[in-house]
There are 2 protein chains.
Amino acid sequence: MADRKQFAELATQLRATISVMRGMARTLPGDCQVASVGVLSVISRHGEMRIGRLAELLDIDMSVTSRHVAHLADRGWIERAPDPLDKRSRLLRLTTRGDAVLRTAQDHIAGVLADRLDGWPDEDVERFTELLARLRADFTTA
Amino acid sequence: MADRKQFAELATQLRATISVMRGMARTLPGDCQVASVGVLSVISRHGEMRIGRLAELLDIDMSVTSRHVAHLADRGWIERAPDPLDKRSRLLRLTTRGDAVLRTAQDHIAGVLADRLDGWPDEDVERFTELLARLRADFTTA
DNA sequence: TATTGTTATACTCTATAACTATA
DNA sequence: TATAGTTATAGAGTATAACAATA
């Protein structure tokens, strides 16, 4: 088991990672915000869903999710179909344009990463991705 | 070299990591905010410095740094000594209380990590920390 | 009554621009 | 003139609480 000092160092590096992400976010094209990419990405991955489920997957409050969704719907990037099982809810899905916006944003970010992580062996990128996923999993399940 | 798809997956996991950090931030004790921990941590690591240098190390604008510093000084967590070489600047350093606040926050975060990453082998924690540091380095130098 | 979602309000963190004091 | 720092203002992202509609 790692000791306190190692975890403190890990925490420092995790904090610094937020700066890196913020810097990358600033380079996003058009009026597409990071939060929008997150929403579009989740819907694209998991398919049609309601706001409540989306909020759960994003791990943010439903009130916030509701605002994000309204923002995206205003731009025509997602559509809200009636939920046949519950008139209080609507089912969210990406429009063709929304899908295009998501792809553009993802390509852009992947491009920035590919550029900066130029010297990284394939194996390190995979391992890094896996460790981040494990971190998330260990925080989500508990 | 990793392909686009791998980098897109890495981006997704990095985005999710921010959620994890936000969750951890919510559990911080007292009125100590994450941004405060960042400031205290940098001064503690690098020693006495001016606002400009602090902003550079934190990678945030000096105006924002100035506000954070004022916040910390109000609480008596840092002190601002005159800079003998330049009357426009002051040298920032942690007070005894500031150091205590930092240690408490760091212990808290390290504790949360230790708790959630219970099953992680020592080696994985080290490797993870190193990969995060490398990510930051590769984004900072370019 | 309980649940789904929306809206009003407020807080944290950040950036840009205008300003003051000193170099 | 240029630089260090502060302050005013604005925007993105979030949470809490009060609310409307439906279950």
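Not measured: the values here are computed from a predicted model. In what follows, chains are A, B, ... by sequence order, proteins preceding strands, each numbered from 1.
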[X] side chain to [Y] backbone, donor-acceptor under 3.5 Å:
X: B:Arg127; Y: B:Asp122; result: no
X: A:Thr95; Y: A:Trp77; result: yes
X: A:Arg88; Y: A:Asp83; result: no

Round to the nearest Å and state the distance from [X] atom [atom1] to [N] atom [atom2].
X: B:Asp83; N: D:dA4; atom1: CG; atom2: C1'; result: 10 Å
X: A:Met62; N: D:dC19; atom1: CE; atom2: C1'; result: 13 Å
X: A:Arg50; N: C:dT6; atom1: CZ; atom2: C1'; result: 15 Å
X: A:Arg67; N: D:dG13; atom1: CZ; atom2: C1'; result: 10 Å
X: A:Gln33; N: D:dT14; atom1: CD; atom2: P; result: 10 Å
X: B:Ile78; N: D:dG5; atom1: CD1; atom2: P; result: 12 Å
X: B:Ile60; N: D:dA12; atom1: CD1; atom2: P; result: 19 Å
X: B:His71; N: C:dT14; atom1: NE2; atom2: C1'; result: 15 Å

Which ones in residues 18-31 of chain A lie close to DNA chain C, meaning a heavy atom under 4.0 Å from one of its atoms?
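A:Arg22, A:Arg26 - these, ordered by number, are the residues of the stretch whose heavy atoms sit under 4.0 Å from the strand.
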
Those residues that, when tested against [X], pass side chain to side chain contact (heavy atoms under 4.5 Å, CB included) (two or more places apart):
X: B:Thr96; result: none
X: B:Leu102; result: B:Val37, B:Leu40, B:Ser41, B:Ser44, B:Leu94, B:Gln106
X: B:Arg93; result: B:Glu48, B:Glu79, B:Ala81

Report the residues that fulfil side-chain hydrogen bond (donor to acceptor under 3.5 Å, both in side chains) with A:Asp74, sequence neighbours left out, ordered by chain and then residue number.
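Partners of A:Asp74 under the side-chain hydrogen bond (donor to acceptor under 3.5 Å, both in side chains) test: none.
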
Salt bridge or not for A:Glu130 and A:Arg134, using N-O below 4.0 Å?
yes

Phosphate contact ([N] OP1 or OP2) by [X] side-chain N/O below 4.0 Å:
X: B:His68; N: C:dT14; answer: yes
X: A:Arg15; N: C:dC13; answer: no
X: B:Arg53; N: D:dT3; answer: no

Which nucleotide wins on minimum distance to the side chain of A:Arg90, given the candidates D:dA4, C:dT6, D:dG13?
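Looking only at side-chain atoms, A:Arg90 lies closest to C:dT6.
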
Answer with yes or no whether the side chains of A:Ser36 and A:His68 bring together a donor and an acceptor at under 3.5 Å.
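Checked: A:His68/A:Ser36 side chains show no N/O donor-acceptor pair below 3.5 Å.
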
For nucleotides 17-23 of chain C, just jot down a letter per nucleotide in 5' to 3' order: B, S or -, based on protein non-hydrogen atoms under 4.0 Å.
B---BBS

